[in-house]
Amino acid sequence: MTTYDVSLLEGDGIGPELSECVYSILVNIHDKSSNLKFNISRVEAGDNAKLKYNKPLPDETFNEIKNSQACLKSPVGESAADVVLVLRRYFNLYANVRPSKNYPNIPSFSKDVDLITVRENTEDLYLGWEFYSDDDTVISLRKISREASKRIAEHAFKIADSREGKKVTIVHKSNVLRLSDRLFIDTSREVAKEYPNIEFEQMYIDACAMELIRNPNRFDTILTTNLFGDIISDEAAQITGSIGLAPAANIGKDFAMFEPVHGAAFDIAGKNVANPTSFILALKMMFDWLGEKYKDNNLTVQSNKIEKAVDDLFIKNVKTIDIGGKLSTKEFSKRFINLLTDIGYD
Ligand code: ATP
């Protein structure tokens, strides 16, 4: 039996409902003969924590996350930047990885899409370097470095190498951002030379936004900078079905954080209608990452079971309301856990 320390950040809006689902899955996986145990530290962060402790990321939460091997993060509301950006920066979570694929029986604009966006997560306009140059003018600075570009390109090519598509599309705007995006492209090209088995193409961000709608099947692995990646991964999520199905991983050298792509969705909070699949698939990504890091095949087994359980439930039209089903968050979670931990499912 191997034990993993996992921090579970509860968040705001629909965050606590999604957390409850993922918490129950982890507890149930442990109860069945998986050879896995999870020490789950449930911590508060976000708007609710700010009201209670005057800090969106209380010290106790930060310490619990630091003491864990990986973090599962629910969506956070208005204080998202004070939580997510701080954690990304502290743990140097340089790769933001967002898979988007079609699932059975999910109404969508596309068919058989299976792509992954690999977004640089530490630079670009997200450093927030802005200032007034006079009373009516703001200047925003964009940082792109060779080191961070190389690191994210290596990450993207490694991912592409593990996938069937064996293709990387680098997305940029080098006709306007002539120095920064040229550096990003040239660095990626150098990395591409180490992977002669992988097809490599370049595309402007505006063309990519269009192609994602016109012909999403042409993409396999998209490599891009921070802001472009933020926007096109939401587009890719919507094309393949619903933002309620989209997970994201923030990966560093020694630590990683897994979360749904969407925000706190206050409009549906507390109504028991949120789709927990995004967070369930984020949990799958955590199992993949921990499984590779600690060479633990039991985690890979659980990851594959999650993928199969999602497919099987959707095939049977067991779905939440946002994707054309009838089930509440709690009902869907229960059906999912029953299927995942069903002894016959092994
Ligand atoms: P942010 O600005 O941080 O992206 P937001 O609340 O404005 O957050 P999202 O939460 O990303 O926007 O999502 C937009 C809408 O999509 C929500 O208002 C909600 O109606 C729907 N939505 C998002 N996540 C889910 C989910 N898990 N299940 C069902 N519907 C969802």
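All values reported here derive from a predicted model rather than from experimental measurement. Residue numbers count from 1 along this sequence. Atoms within each ligand, like the ligands themselves, are counted from 1 in listed order.
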S.K.: Mind checking whether Ala265 has an N or O less than 3.5 Å away from an N or O of ligand 1?
M.R.: yes
S.K.: Give a yes-or-no answer on whether the side chains of Ser149 and Thr187 include a donor-acceptor pair shorter than 3.5 Å.
M.R.: no
S.K.: For atom 28 (N) of ligand 1, is the nearest protein heavy atom closer than 4.0 Å?
M.R.: yes
S.K.: Are the aromatic rings of Phe255 and Tyr90 close, with centres under 6.0 Å apart?
M.R.: no
S.K.: How are the rings of Phe314 and Tyr103 set relative to one another: parallel (under 30°), tilted (30 to 60°) or perpendicular (over 60°)?
M.R.: perpendicular
S.K.: When you compare the side chains of Lys101 and Thr240, does any donor N or O come within less than 3.5 Å of an acceptor on the partner?
M.R.: no
S.K.: Take every heavy atom of Ala80, measure it against each atom of ligand 1, and state whether any distance is under 4.0 Å.
M.R.: no
S.K.: Looking only at protein heavy atoms, identify the closest one to atom 26 (C) of ligand 1 and say how far it is in Å.
M.R.: Asn275 N, 3.7 Å
S.K.: Distance under 6.0 Å and angle within 45° of the ring axis: does Arg142 meet both against Phe184?
M.R.: no
S.K.: Using 0.5 Å steps for rounding, measure from the CD1 atom of Ile106 to the CG atom of Asn275.
M.R.: 8.0 Å
S.K.: Under 6.0 Å between ring centres, would you say that holds for Phe157 and Phe200?
M.R.: yes
S.K.: Are Leu36 and Phe336 co-members of a hydrophobic cluster defined by side-chain heavy atoms under 4.5 Å apart?
M.R.: yes
S.K.: Can you find a protein heavy atom closer to atom 7 (O) of ligand 1 than 4.0 Å?
M.R.: no
S.K.: Test your reading of the structure: does Ser278 have an N or O sitting under 3.5 Å from an N or O of ligand 1?
M.R.: no
S.K.: Measure from atom 15 (C) of ligand 1 to the protein's non-hydrogen atoms and state whether any distance is below 4.0 Å.
M.R.: no
S.K.: Does only the side chain of Ile14 get under 4.0 Å from ligand 1, or the backbone, or both, or neither? Count heavy atoms.
M.R.: side chain
S.K.: Would you give the length of the straight line joining atom CD of Glu201 to atom CD1 of Ile222, rounded to the nearest 0.5 angstrom?
M.R.: 9.0 Å
S.K.: Give the numbers and elements of all ligand 1 atoms closer than 4.0 Å to a heavy atom of Ile268.
M.R.: 29 (C), 30 (N), 31 (C)
S.K.: Please identify which atoms of ligand 1 are closer than 4.0 Å to at least one heavy atom of Asp267.
M.R.: 17 (C), 18 (O), 19 (C), 20 (O)
S.K.: Taking atom types as modelled and ignoring hydrogens, do the side chains of Ser79 and Asp47 form a donor-acceptor contact shorter than 3.5 angstrom?
M.R.: yes
S.K.: Among all the protein's non-hydrogen atoms, which is closest to atom 22 (N) of ligand 1, and how far away is it?
M.R.: Ile243 CG2, 4.0 Å
S.K.: Where does Thr320 meet ligand 1, judged by heavy-atom distances below 4.0 Å: at the side chain, the backbone, both, or neither?
M.R.: neither
S.K.: Could you tell me which atoms of ligand 1, counted from 1 in the order shown, lie closer than 4.0 angstrom to a heavy atom of Ala274?
M.R.: 28 (N)
S.K.: Do any N/O atoms on Gly263 end up under 3.5 angstrom from N/O atoms on ligand 1?
M.R.: yes
S.K.: Tell me the protein heavy atom at minimum distance from atom 24 (N) of ligand 1, and give that distance in Å.
M.R.: His262 CG, 3.2 Å
S.K.: Between Asp322 and ligand 1, which part of the residue brings a heavy atom under 4.0 Å of the ligand: side chain, backbone, both or neither?
M.R.: side chain
S.K.: Residue-level breakdown please: for Pro260 versus ligand 1, do any non-hydrogen atoms fall below 4.0 Å on the side chain, on the backbone, on both, or on neither?
M.R.: neither
S.K.: Do Arg163 and Phe219 meet the cation-pi criteria used here (NZ or CZ under 6.0 Å from the six-membered ring centre, within 45° of the axis)?
M.R.: no
